[in-house]
Amino acid sequence: MSIQLKSCAKWNKHDISNHDCSCAHNHTSVPFAGQGHGHEAMKDTTPHDQTVASAIRARGLVKRFGPLEAVAGVDLDVPRGMIFAVLGPNGAGKTTLIRMLGTLLRPDAGDATVMGHDLRTAPHEVRGEIAMTGQFASLDEDLTGRENLILLARLWGFGRRDARARADELFAAFDLSHAARKRVKDYSGGMRRRLDIAASLVVTPGVLFLDEPTTGLDPTARQRVWRMIRRLAASGVTVLLTTQYLEEADQLAERIAVIDHGRKIAEGSSRELKAATGSGFLHVTLAGAGALERAARVLEQALSAPVQISAEGARLSVPAPTAAAANEAVAALLAAGITPEEFSLGSPSLEEVFFALTGQSPETEGHP
Amino acid sequence: MSTAPRPATLRHVARPPRPSRLSNALVFGWRAILKFRHVPEQLFDLVMTPIMFTLLFTFVFGGALAGSTGDYLQFFLPGILVQTVVFNAVYSGMGLSTDIGKGLFDRFRSLPIWPLAPFAGLMAGDVLRHLIAGGIILGIGLVLGYRPEAGLAGTAAAFALLVAIGFGTGWVFIVLGLVIRTPTTVMTLGFTVLFPLVFASNIMVDPATMPGWLRAFVEVNPVTLMTTAMRGLMAGHATLAEIGLALSAPVALTLALAPVTLWLYRRE
């Protein structure tokens, strides 16, 4: 309960939402939630239709580890064929949530259906519809890549010859044929990731769970994985991915659920999330970090809004309602003897959205 | 564009008819065989210790313990086979712990397969390991002059018992592998339990000279019961009662720990 009140206070403090605090426990009630076509499509239909229409439908999912509520009552509606991102800092409960939906963890409370199958009563049926790629490449490192895929194909029930054919097909499609007969031990991080995703596609899943699919990858490898995910979604696979990279959610996902301390604090498209945070943001870059604190105070006073200081130190971001207000704020800086190296007025980045929602940057968990 | 997955990836591939439990288990057995092919070094770990034990005990202590090295080898070899198999079981527990640590088991757990299949596969790999290691030890024994009085049939029966012993002991380490997250801890803990069981038995010496309290333990030690039956089978004088006693521990362990394994696999 205390967490709810806290996040409520943040909403009010940052003044990015005018909704009533009393309804904050139902986080789907943020202004933009419910505008997605998935929500619309599901309204006023029978419960049966609801479960069929959505790939994932979760209500009040809870998972406790001892005294810690890793997931503290999350609702989720993921329409079929969509890329849906669960965004949050380390330890927000993303992995726990995805593991529950993937039948690896039993929820302590709440219900969920995946492709119409109940997580509690029909986990085996759920497993038949999903594929799961964990944070660490879940492959047998002693075996070759091809053997790994054949192994999985055989477990799904392919005959010997079909399993080999499917493995070779996936290797060709994922541009890994050259490494098919190498042991996974000798794969690079990016190759492992691709093989891991390929391993999830031996049978086309209804829902593909990707837990931080690009963590630890270099930019090129990340782009490659992104392309792959987009093409998968285009082919009709529902993708639920977790990420701590705002850029990733921004680039890939049609809808984003922001999770913090085990709760969903906002949901919507990237544009909706940004719109809810405020129309304009003033970004100011200083020549050095010396006058940073002073500049922050000046801006805070001029715009009466919280100022976010970027991790690198020399960049400040602050919500500015109008261009005139931003102009005045810059003038105030100059009057205080601080000359910005660069300034611009633009829409907030997802990072700023996250800051506005949680009071902290996603990368600096625990240091608001 | 050549780096992007070609449309072949996106071909919709439907799920084939659900395979049988046996098929699932056999696939995991195949994995165990593949691991053998790719990591033959593991065999070295498995057989070096028993080979050293065989040579050291036979030539260093054999004369003093049994009058002659030949007589001692005749006494010792069936016992060292039991020791080999029991120690080998530790390695499958380590392998399992590694699999879980690397997230491989999460993938298996999210597949619609028979939940015990991964363990059946581990067991199949174990049986293979036991047979290979046992075969090597027996081969060395034969070279050094060991002669199984019961001949081929007796030896085959002894190896069947050996596999049963390995199978039963294997459950202990599968459970440990599921519970303990670091493979080396599985090994340390395994050997801490196994060393007293193996040494306070009749594998190395006749317990007749031991103090009464120790003899009381040695006589009910499952390792002793197993060794007695192995000796009997290879010498051709095993009784049904002896074989039954030797099998009691493996059967009890299987009955008790298979459900525990399943529960641990599905827990959380």
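Contact between S110(B) and G102(A) at its shortest, heavy atoms only, is CB-O, 4.0 Å. For G128(A) against P112(B), the heavy-atom pair with the smallest separation is CA-CG, 3.8 Å.
Just one of K35(B), R107(B), K102(B) meets the salt bridge (Lys or Arg N to Asp or Glu O under 4.0 Å) condition when paired with D140(A); it is K35(B).
Atom OG1 of T98(B) is separated from atom CD of E141(A) by 10.0 Å, given to the nearest 0.5 angstrom. Atom CG of residue L151(A) and atom CZ of residue F108(B) lie 5.5 Å apart, to the nearest 0.5 angstrom. To the nearest 0.5 Å, atom OG1 of residue T144(A) and atom CZ of residue R37(B) are 9.5 Å apart.
Under the 4.5 Å side-chain criterion, counting only non-hydrogen atoms from C-beta, V237(A) is not in contact with H12(B). P16(B) places a side-chain heavy atom less than 4.5 Å from the side chain of V203(A). P19(B) places none of its side-chain heavy atoms less than 4.5 Å from the side chain of L155(A). Side-chain contact between I113(B) and W156(A): absent, with no pair of heavy atoms (C-beta onward) separated by less than 4.5 Å.
For the options A198(A), G236(A), A199(A), heavy-atom pairs under 4.5 Å to chain B are most numerous at A199(A). In terms of non-hydrogen atom pairs under 4.5 Å with chain B, the most contact-rich of S200(A), A153(A), P205(A) is S200(A).
Under the 3.5 Å distance criterion, the side-chain polar atoms of T204(A) are matched with a main-chain donor or acceptor of V13(B). Panel note: side chain R127(A), backbone L111(B); no donor-acceptor pair is recorded below 3.5 Å.
The part of L152(A) that comes within reach of chain B is its side chain, from C-beta onward, which places non-hydrogen atoms under 4.5 angstrom from that chain. In this structure, chain A has a heavy atom under 4.5 Å from the side chain of V39(B), while its backbone stays farther away.
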For R18(B) and H124(A), run side-chain contact (heavy atoms from CB on, under 4.5 Å): C-alpha distance rounded to whole Å, both residues' side-chain angles, the deciding distance at 0.1 Å, then the answer. CA-CA 12 Å; R18(B) 190 161 159 183; H124(A) 208 77; 2.9 Å; yes
Test side-chain contact (heavy atoms from CB on, under 4.5 Å) on R31(B) and R154(A); report intermediate values, then the result. CA-CA 11 Å; R31(B) 172 176 175 240; R154(A) 300 277 288 142; over 6 Å; no
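Within 6.0 Å of atom CZ in R120(A), more than 12 heavy atoms from other residues, nucleotides or ligands are found, so the atom counts as buried in its surroundings.
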